[in-house]
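The structure that follows is given in the form of structure tokens.
Note that ligands are numbered from 1 as they come in the structure, with each ligand's atoms numbered from 1 the same way.
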Amino acid sequence: MIRPVRVRFAPSPTGPLHLGGVRTALYNYLFAKKMNGKFILRIEDTDQNRFVPGAEKYIMDALNWAGLTLDEGIEQGGKYGPYRQSDRKQLYKQYADQLVESGHAYIAFDSKEEIEAMKTAFASPENPSPSYNFETRLKMKNTIALDKHSIEELQKNNTPFVIRIKVPKNEEIRFEDEIRGTVIFNSSQLDDKVIFKSDGMPTYHLANIVDDYLMEISHVIRGEEWLPSTPIHVLLYQYLGWADKMPQFAHLPLILKPDGNGKLSKRDGDRLGFPVFPLNWENPETNEHSEGFRERGFLPEAFTNMLAFLGWNSGTEQEIFSLNELVDAFSIEKISHSGAKFNFEKALWFNEQYIKKLSDSHFLDLLKVELSKTFPQKQFTDDYVLKAGNLIKERIVFVKDITEKSKYLFENPNYGNDILQKISPTITNVFSEKLLSHIGNLPFNSAQELESNLKQFAENEQVKIGDFMKFMRICIVGELSGPTVPDLMILLGKETVCNRITNCSNSITQ
Ligand code: GLU
């Protein structure tokens with residue numbers, strides 16, 4: 001029977017979601033939607049020591065921003081809930097006990113110090129850091145090594161204990177990975193992982209397997225850093241009698257630093273000046289602030305499109321895909337086997353493309369948000385804002401460039417000495433006066449007509465056309481960038497243009 005597709009994104013709320021985490025969520029989402037399956041969020045918070053306040057909300061906000069709608073989760077509910085592992089706490093112990101009863105797990109009473117002492121005692125040049133495993137377990141304080149009486153003594157004294165999986169010696173553990181093909185581990189490489197802790201909580205390994213089983217997860221799509229844990233998971237499925245319900249695994253390649261040298265980290269972002277988190281994050285312990293892609297100005301559609309291509313491609317030339325188009329085009333077979341280098345320039349390119357594609361009404365909404373932040377007191381008509389936006393739409397990377405780089409569209413510029421020095425000495429006060437009265441009679445309708453008229457004027461006045469246009473640009477923009485002068489004149493209108501020429505000319509003479 002074909003299993004219904006049910007996939008989960010299962011982050012631990014230990015901090016903000018990194019780019020790689022959002023990509024894992026995205027691939028799970030795309031696969032679920034493609035297969036008419038369900039996309040589930042499960043919060044894996046069994047490690048109380050690593051709990052970070054705000055992280056869970058951050059994860060949900062980030063998925064929401066990226067458009068990755070959940071079918072089941074903490075807020076959505078669902079019949080497989082609860083979806084937060086700490087709320088499922090009472091569920092796990094029975095499975096750990098079942099493993100102890102069947103002899104696949106055992107109780108261990110060793111303190112941290114005793115484990116350290118074992119590592120020192122058994123360390124050798126070939127094995128500098130011995131594990132708690134088939135070689136060492138018999139020399140430790142556990143229910144396999146100790147006699148009945150000693151165990152009873154320890155229990156009577158309420159000695160803290162953990163439960164460890166009993167990993168066999170020298171057995172081949174193999175599983176099929178949808179991306180890597182057959183993966184084989186030798187069990188002797190593994191240690192007897194703790195599956196249940198002394199604080200009464202399961203560890204990641206046990207909780208993850210129990211929940212994937214109970215939530216009927218069909219495919220586990222996760223980062224490649226979890227590959228070394230998978231043989232333990234395979235054993236747990238076998239030992240719990242769930243081998244036929246084991247999900248298909250797909251381990252995603254890493255997202256690498258721009259130079260390809262290792263995994264992309266927050267420090268690379270800090271060093272190279274780009275975000276690695278989807279949304280802003282304030283570290284509650286250090287108060288350190290990290291900027292998110294959203295706050296940098298990325299459109300969510302551009303962000304997810306860019307992210308999809310970090311480790312996957314459609315096999316065609318097409319690069320711009322809406323989320324729905326990604327769903328149609330997505331397949332696990334097209335995920336690459338090797339790491340994907342993060343390229344911030346490419347991310348900017350994606351945003352530029354999405355800005356160009358914005359509808360007038362969406363663009364207007366976004367522009368108004370930026371304007372209300374920068375000019376809270378000022379009112380502009382929608383018509384003006386949209387015209388101003390459209391004039392620079394082709395040249396901006398972020399919507400906020402309209403206020404960060406093109407303020408002159410909404411307020412008169414200031415003229416610094418640096419820019420005034422770029423005005424040719426042939427532009428005199430007398431020339432400005434003449435220009436103002438000339439412009440006063442000009443119709444501001446067609447950019448083309450304005451341009452030829454202004455050229456004619458410069459010629460008549462024997463001022464080089466290049467010098468003249470530079471002057472006009474400096475008056476209007478306050479610097480040497482921006483759209484064409486006639487386009488700007490039509491947008492701003494005669495009064496504003498004349499005022500700016502007057503202000504600029506006055507600044508030269510001061
Ligand atoms: N809780 C793990 C994490 O933080 C989940 C890994 C998995 O998907 O199994 O990524």
Exercise. Can you name the side-chain hydrogen bond (donor to acceptor under 3.5 Å, both in side chains) partners of Ser111, sequence neighbours left out?
Worked result: Glu113, Glu114
Exercise. Do you know the tightest heavy-atom contact between Tyr237 and Tyr213?
Worked result: OH-N, 4.4 Å
Seminar exercise, completed: Residues passing the side-chain hydrogen bond (donor to acceptor under 3.5 Å, both in side chains) test with Lys405, sequence neighbours excluded, are none
Seminar exercise, completed: Between Asp212 and the options His219, Arg42, Lys245, the side-chain hydrogen bond (donor to acceptor under 3.5 Å, both in side chains) test singles out Arg42
Exercise. Are Arg6 and Tyr80 close enough, and set up right, to give a side chain to side chain contact (heavy atoms under 4.5 Å, CB included), and what steps lead you there?
Worked result: CA-CA 11 Å; Arg6 292 179 52 79; Tyr80 296 83; 2.9 Å; yes
Seminar exercise, completed: Counting only non-hydrogen atoms and a 4.0 Å cut-off, the residues near ligand 1 are Arg8, Ala10, Pro11, Ser12, Glu44, Tyr204, Asn208, Arg222, Trp226
Problem set entry | side chain to side chain contact (heavy atoms under 4.5 Å, CB included) against Glu116, all qualifying residues, sequence neighbours excluded | Lys119
